[in-house]
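Shown next, in structure tokens, is the structure this report addresses.
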Amino acid sequence: MNSTSAGVSPSLHTRIGDVEDILASARYLTEAVFMAAHGLMMNDATNAFQALASEIEDKLLNARDRLDEIREELRPTDLGILDEITMLEKRLAERRNALEATV
């Protein structure tokens, strides 16, 4: 296990996915602002809102890219090892309990 994944719980992968969902929702809202700005019928205001919406979308995409980088660093094999350790600990406890029950 490498130092970047030491102590990482499998739920971290799920939480990263949750954050990605939130970012996607924010992108859809930003797109709605962009489209609504078109209906303002005032060129300066329309341009300002659309420029702002574009900047927000760029920031959201940048955040999503950073989450992808984090996910890659965690590598599924690292999370798989943690899952396997948890499963082995559970099996060991079950066998210990079974042995104690026979004594």
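This is a predicted model, so every value here is computed, not measured.
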> Does Leu60 belong to the same Ile/Leu/Val/Met/Phe/Trp/Tyr cluster as Val19, with side-chain heavy atoms less than 4.5 Å apart forming each link?
Replying inline: yes
>> Salt bridge check, Arg91 against Glu94: does any charged N sit closer than 4.0 Å to a carboxylate O?
In response: no
Does [atom1] belonging to [X] count more than 12 external heavy atoms closer than 6.0 Å?
X	atom1	answer
Met87	CE	yes
Asp44	CG	no
Arg95	CZ	no

Is [X] reaching over with its side chain to a backbone N or O of [Y], donor-acceptor style, under 3.5 angstrom?
X	Y	answer
Asn62	Asp58	no
Thr46	Ala37	yes
Glu57	Arg27	no

>> What's the separation between atom CD in Gln50 and atom CG in Asn43, rounded to the nearest 0.5 Å?
In response: 9.5 Å
Minimum heavy-atom distance between [X] and [Y], given as atom pair plus value:
X	Y	result
Ala53	Val33	CB-CG1, 4.5 Å
Leu40	Ala45	CD1-CB, 3.9 Å
Leu23	Arg64	CD1-N, 3.7 Å

